[in-house]
There are 2 protein chains.
Amino acid sequence: MHVRDRRVKRTQNLLAQALLALIAEKGYDAITIRDITERADIGYATFFRHYRDKDELLRDVADVVINELLEILFGQQPGQEPAAVGQLIFRYVADHSAVVRVLLGSRGPASLVQHVIQRGSENVLRQNKPRPDSPVPAEIAAHHLVASSIALIQWWIEHDMPYSPEHMGDIYRQLIVQPTLTSAFITDPA
Amino acid sequence: MHVRDRRVKRTQNLLAQALLALIAEKGYDAITIRDITERADIGYATFFRHYRDKDELLRDVADVVINELLEILFGQQPGQEPAAVGQLIFRYVADHSAVVRVLLGSRGPASLVQHVIQRGSENVLRQNKPRPDSPVPAEIAAHHLVASSIALIQWWIEHDMPYSPEHMGDIYRQLIVQPTLTSAFITDPA
DNA sequence: TCCTTATGATATACAATATATCATAGTATA
DNA sequence: TATACTATGATATATTGTATATCATAAGGA
């Protein structure tokens, strides 16, 4: 597989850049393929010579970022200090925040989940007293609590609920509630 | 505000039921408004007399579930045992799994995030040894690790990165890595 | 240079959204 | 129960966006 035709590379690059710019401007759903091709200054029909639809283009753009992040997370030799990985992740995100923001910025019905997390977090903050000396801000802890609860529910549902609600309640407490409360909130002695 | 016109109630109910059924059949994106109205046996134009678009109908359906879940989580008197809340959540989800599955079932670009979580989880499982006696299954722990990492990144990005990568690395370790590793995996003594 | 192929411009078929109109049937309320 | 109200169904239509085909031209690879 030699070097691709320069024209193909150029076109796909222009389309990718145009998509990212447009998402930042008006969100993914509102974008038409004509929007993309006009912004990229590319013929409309040319789009379909490269991608079946918008989603396929987005996937192509995302793959680059995904692979780099996975490389950071798991590309290192085993036995290396895993303590620094956290910093590496957030440094990478900071360096590529424009793209990451676009890829994580959910909208449409997906923003429903975001809405739930938002409302849930506010409730958590309202009903818990933050621990003053904690390095974990209460706002982050609340967001973490709700977001990972939803993720856990999501896993359970998508795997057809293989464990009982009681068992899941245990997991939920051990993996999410207990660590979050002890590290960021003042636990109420019942 | 008296009781609404029975016809309105009936129409909106039929539309909601039709939407849920169709999502389960072929996914949200593939559904057209004509699909919904035909399934509901409702005139096409009638849809727009109630909702601006598909998303508005979905939001309407979702609000019911969201409010019930928040009620379970935060509707109780303070000072009550918070240990049982986990069970309550998962019991509720089990009882309403059809709807919850639909609402959490991400689509379009949102499914990109799901894809990343999937790939990330596989890597975590590959590179860590599960603790045999843990009540937390390795598969769940891996999913939790990756999903809540992404959620944390999402919070950071959406709040314009108010803390340094080093600080976020600390939070990440304390809130996510350390609890997950100690409860489900055999920690490698460096 | 010569052959290949990607692109631009254009036309067209098609699907889906969104709105308007009007007769009819179902509802609320006095 | 009679009356005024309004939601609905059926239909037509304008508009927008997708997807594909064709052909001349320009750019690229060997």
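Order of the sequence lines sets the chain letters (A, B, ...), proteins ahead of strands, with each chain counted from 1.
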Atom pair distance, as rounded to whole Å: CZ in Arg34(B) and C1' in dT13(D): 12 Å
Report the distance from atom CD1 of Ile36(B) to atom C1' of dA16(C), rounded to the nearest whole Å. 12 Å
Would you say the side-chain atoms of Asp41(A) pair up with the backbone N or O of Thr37(A), donor to acceptor, closer than 3.5 Å? no
Once you measure the plane-to-plane angle for Trp155(B) and Tyr163(B), does it fall in the parallel (<30°), tilted (30-60°) or perpendicular (>60°) bin? parallel
Checking salt bridge (charged side-chain N to carboxylate O under 4.0 Å, His left out) for the pair Arg10(A)/Asp5(A): CA distance, chi angles, key distance, verdict? CA-CA 9 Å; Arg10(A) 176 180 169 276; Asp5(A) 193 316; over 6 Å; no
In this structure, how many angstroms lie between the P atom of dT11(D) and the CD atom of Glu38(B), rounded? 13 Å
Given 3.5 Å as the limit, does a donor-acceptor pair link the side chain of Lys54(B) with the main chain of Ile33(B), or not? no
Take the C1' atoms of the five end pairs on each side of the helix from dT1(C)-dA30(D) to dA30(C)-dT1(D), get both axes, and report the angle to 10 degrees. 50°
Separation of dA15(C) atom C1' from Ile33(B) atom CD1, nearest Å, is 13 Å
Identify each donor-acceptor pair in which a side-chain atom of residues 137-152 of chain A lies under 3.5 Å from a protein atom, sequence neighbours left out, and give them as a table.
| residue | atom | partner | partner atom | Å |
| --- | --- | --- | --- | --- |
| Glu139(A) | OE2 | His159(B) | NE2 | 3.4 |
| Ser148(A) | OG | His144(A) | O | 2.4 |
| Ser149(A) | OG | Leu145(A) | O | 2.5 |

When you measure from the centre of the six-membered ring of Phe185(A), is the NZ or CZ of Lys129(A) closer than 6.0 Å and no more than 45° off the axis? no
Rounded to the nearest 0.5 angstrom, the CZ-OG1 distance for Arg173(B) and Thr180(B) is 13.5 Å
Tyr51(B) OH to dA16(C) P, straight-line distance once rounded to whole Å: 22 Å
Side chain of Tyr51(B), backbone of Asp60(B): donor and acceptor closer than 3.5 Å? no
Round to a whole Å and report the spacing from CG of Leu15(A) to C1' of dA6(C). 13 Å
If I take atom CG in residue Asp35(B) and atom C1' in nucleotide dT17(C), what distance separates them, rounded to the nearest angstrom? 13 Å
Round to a whole Å and report the spacing from CZ of Arg6(A) to C1' of dT4(C). 15 Å
Over-ring placement of Arg34(B) relative to Tyr44(B), 6.0 Å and 45° cut-offs: yes
When you compare the protein's N or O atoms with those of nucleotides 6-9 of chain D, which come within less than 3.5 Å of each other, and at what distance?
| residue | atom | partner | partner atom | Å |
| --- | --- | --- | --- | --- |
| dT6(D) | O2 | Arg7(B) | NH1 | 3.3 |
| dT6(D) | O2 | Arg7(B) | NH2 | 3.4 |
| dA7(D) | O4' | Arg7(B) | NH2 | 3.4 |
| dT8(D) | OP1 | Arg7(B) | O | 3.0 |
| dT8(D) | OP1 | Thr11(B) | OG1 | 2.1 |
| dT8(D) | OP2 | His50(B) | NE2 | 2.6 |
| dG9(D) | OP2 | Gly43(B) | N | 2.7 |
| dG9(D) | OP2 | Thr46(B) | OG1 | 3.0 |
| dG9(D) | O6 | Arg49(B) | NH2 | 2.9 |

